[in-house]
A.B. asks: 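I have a structure I would like to understand better, so I am pasting it below and will then ask my questions one at a time.
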Amino acid sequence: MADKYTAPKGTTDLIGAQARGWEFLTTTAREVFSHYGYEPLYTPIFEHTELFTRGIGEATDVVGKEMYTFEDKGGRSLTLRPENTASVVRAAINANITANGQAAKLYYAGPMFRYERPQKGRQRQFYQIGAEALGLNSPEADAEMIIMLWHFFCQAGIPADSMRLLVNSMGDGACRPAYRDKVAAFIKEHGDELCEECNARANTNPLRAFDCKNPSCREVFASAPLLKDELCDECAEHHARVLSLLEAAGVPYVEDPTLVRGLDYYTRTVFEVQVDNGLGSQNAIGGGGRYDGLFESLGGKPTSGLGFALGFERTLLALEASGVTFEDGSSIDVYVAVADDLYRDEAFKLATELRRNDVGALVDVAGKSLKAQFKQADHASARYTVIFAPDEYAQGKVVVRNMATKEERLVAPSEVQEAIGA
RNA sequence: GUGGGUAUAGCUCAGCUGGUUAGAGCGCUGCACUGUGGCUGCAGAGGCCGAGGGUUCGAAUCCCUUUACCCACCCCA
């Protein structure tokens with residue numbers, strides 16, 4: 001554990017079960033999302049810093065203190081992406097894929113970067129899988145997005161009853177500003193009963209005060225005005241429709257009027273999936289919402305948008321807590337062994353042929369004893385072991401041993417594939 | 001950015017109030033079984049006890065510093 005060459009703070013190598021878990025989840029995502037008509041989109045790991053300051057919002061913690069920003073050799077200010085929605089929208093604007101009211105459904109998977117103090121379920125380089133639906137403004141689109149996220153988690157193996165789906169509406173340009181002022185006024189009114197941070201939020205981002213975990217603040221906020229009661233008619237109707245669609249789809253949700261996403265771009269529908277076990281002090285494994293103003297903030301034409309991101313590491317923790325494991329997944333059908341070094345060339349050749357025919361085959365390349373070769377075959381869970389041995393090979397045959405039943409058959413090397421039923 | 005904890009073999013960890021060659025289990029390699037895996041028995045390899053400094057006749061053990069990791073606050077996925 002020399003610390004000379006360790007991965008930087010907050011980063012980790014995806015190795016063993018974690019690496020397999022990542023492949024499993026990205027594969028699952030591709031399968032599930034494609035059934036909803038989603039296509040892959042991969043954007044750069046770094047972007048112009050301004051994309052994030054404009055897109056996510058200057059007042060957010062993510063932009064204010066968590067970005068990995070650097071200057072490149074050309075003097076440009078670049079930032080490692082702290083999230084991917086702004087990039088996807090930028091890419092969509094650049095490629096003009098939402099021209100003339102066309103919709104686009106896109107998903108991605110990859111690392112994000114935030115300069116935070118690491119802890120369980122939170123690292124500086126972390127992996128997200130996400131989806132964005134662009135150019136769709138109907139409540140049906142919202143419901144479909146939420147259902148897809150729920151579907152993904154279920155498909156990945158998290159028991160539905162261990163998850164909790166929270167849904168809320170944040171209003172839009174017509175109703176949120178007034179509500180925002182109302183909350184700010186409420187905070188000022190109760191200033192002496194609230195913590196410092198809550199007071200500070202009155203000026204920066206009043207809604208975030210709902211996230212405060214301080215018990216006494218929560219108590220005060222229990223009587224705060226709720227956006228739910230202040231929504232404009234359009235937002236209220238939209239929200240009600242989303243909820244009834246979720247209900248009809250049998251996706252259990254909880255209305256949480258205090259759910260406030262931390263990024264400035266959200267409008268109307270916001271949602272979050274939480275679990276109670278395995279995540280330490282975190283509890284959100286995925287979340288997202290609608291961002292109808294983001295295109296314009298980034299210089300595009302008014303276009304609605306909607307999406308979610310889910311945290312890979314947290315999802316993995318939740319899966320582990322549910323007893324899901326990612327065992328070594330090598331698929332070895334045959335182990336080709338030699339009883340004498342004389343046959344190593346033949347064995348090597350057979351293994352090569354089998355692999356070309358789509359059969360998983362292992363052959364010893366370390367000069368091990370026959371016994372050691374059997375052990376390897378066993379550890380690889382090979383279903384069969386083929387043995388090149390003097391007596392049998394003198395008749396042009398090799399031994400095919402079924403490792404489970406211990407039955408052995410003699411066949412010509414060319415018939416091995418048939419003998420193992422592959 | 002602010003707290004608390006931990007650091008000994010590939011992995012999980014013992015090592016009491018300082019005492020001589022630093023241990024166990026699992027894993028790995030070999031042998032018993034020279035052409036047949038799992039079980040068993042035996043043997044072996046693998047450690048500058050995170051790093052640096054100090055106290056001491058003597059430090060994995062005590063003190064200081066440092067680094068890393070973990071956990072929590074905060075924030076979010």
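Order of the sequence lines fixes the chain letters, A, B, ..., with proteins taken first and strands second; residue numbering starts at 1 for each chain.
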A.B. asks: Who does C26(B) pair with, Watson-Crick or G-U, both distances under 3.5 Å?
C.D. replies: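 Base partner found: G10(B).
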A.B. asks: Considering heavy-atom distances to RNA chain B, does Ala339(A) or Asn283(A) have its closest nucleotide positioned more toward the 5' end?
C.D. replies: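 The 5'-side residue here is Ala339(A).
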A.B. asks: Please classify the nucleic acid contact of Pro111(A) as base, sugar-phosphate, or nothing, using heavy-atom distances under 4.0 Å.
C.D. replies: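 Since no nucleic acid heavy atom lies under 4.0 Å of Pro111(A), the category is nothing.
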A.B. asks: Report the distance from atom NZ of Lys375(A) to atom P of C28(B), rounded to the nearest whole Å.
C.D. replies: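 Answer to the nearest Å: 7 Å.
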A.B. asks: Using atom CD of Gln119(A) as one end and atom P of C76(B) as the other, report the distance to the nearest whole Å.
C.D. replies: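 Whole-Å distance recorded here is 13 Å.
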A.B. asks: Please tell me which of the listed nucleotides, A77(B), U29(B), G37(B), lies nearest to the side chain of Gln128(A)?
C.D. replies: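 Per side-chain heavy atoms of Gln128(A), the pick is A77(B).
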A.B. asks: Categorize Arg401(A) for me: base, sugar-phosphate, or nothing, with a 4.0 angstrom heavy-atom threshold over every strand shown.
C.D. replies: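 Since a base atom lies under 4.0 Å of Arg401(A), the category is base.
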A.B. asks: Starting at CG of Leu410(A) and ending at C1' of U36(B), how long is that distance when rounded to a whole Å?
C.D. replies: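 The distance from CG of Leu410(A) to C1' of U36(B) comes to 14 Å, rounded to the nearest Å.
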A.B. asks: To the nearest angstrom, how far is Arg122(A) atom CZ from C70(B) atom P?
C.D. replies: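 In whole Å, C70(B) P and Arg122(A) CZ are 11 Å from each other.
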A.B. asks: From the options A77(B), G35(B), G37(B), select the nucleotide whose nearest atom is closest to the side chain of Glu313(A).
C.D. replies: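 Nearest listed nucleotide: A77(B).
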A.B. asks: Should the pair Arg124(A) and Tyr115(A) be classed as cation-pi, given the thresholds of under 6.0 Å to the six-membered ring centre and 45° from the axis?
C.D. replies: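 Yes, cation above the ring, under 6.0 Å and within 45°.
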A.B. asks: Applying a 4.0 Å non-hydrogen cut-off, can you work out what Lys120(A) is touching in the nucleic acid: base, sugar-phosphate, or nothing?
C.D. replies: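 Here Lys120(A) touches the backbone only, sparing every base.
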A.B. asks: Hey, what's the ring geometry for Phe221(A) with Phe186(A), parallel, tilted or perpendicular (30° and 60° as the breaks)?
C.D. replies: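 Geometry flag for Phe186(A) against Phe221(A): tilted rings.
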A.B. asks: Report yes if a donor N or O on one partner sits less than 3.5 Å from an acceptor N or O on the other, where the partners are the side chain of Lys9(A) and the base of C69(B); otherwise report no.
C.D. replies: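 Check fails, no donor-acceptor contact within cut-off.
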A.B. asks: Heavy atoms only, 4.0 Å cut-off, all strands: where does Ile129(A) land among base, sugar-phosphate and nothing?
C.D. replies: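 Touches nothing.
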A.B. asks: In Å, rounded to the nearest 0.5 Å, how long is the span from NZ of Lys9(A) to CZ of Arg117(A)?
C.D. replies: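 Separation between the atoms: 5.5 Å.
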A.B. asks: Parallel, tilted or perpendicular for Phe33(A) and Phe152(A), by the 30°/60° rule?
C.D. replies: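 Geometry flag for Phe152(A) against Phe33(A): tilted rings.
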A.B. asks: Hey, can you tell me if Phe70(A) and Phe46(A) have their rings parallel, tilted or perpendicular (30° and 60° cut-offs)?
C.D. replies: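 Ring orientation, 0 to 90° scale: perpendicular.
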A.B. asks: Would you classify Ala377(A) as touching base, sugar-phosphate or nothing, given that sugar-phosphate means primed atoms plus P, OP1 and OP2, and contacts are heavy atoms under 4.0 Å?
C.D. replies: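 Nothing: the residue Ala377(A), judged by heavy atoms under 4.0 Å, touches no strand.
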A.B. asks: Per the atom types in the model, does the base of C74(B) pair as donor or acceptor with the side chain of Arg208(A) at under 3.5 Å?
C.D. replies: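 Counting by modelled atom types and ignoring angles, no donor-acceptor contact under 3.5 Å is found here.
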A.B. asks: Calculate the interatomic distance between His379(A) atom NE2 and C28(B) atom C1'; express it in whole Å.
C.D. replies: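 It is 10 Å, rounded to the nearest whole Å.
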A.B. asks: Return the 5'-most residue of the pair Leu370(A), Gly280(A) with respect to RNA chain B, ranking by each residue's nearest nucleotide.
C.D. replies: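 That would be Leu370(A).
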A.B. asks: Compare the minimum distances between each of C76(B), U36(B), A77(B) and the side chain of Gln282(A), then state the nucleotide with the smallest one.
C.D. replies: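 Nearest listed nucleotide: C76(B).
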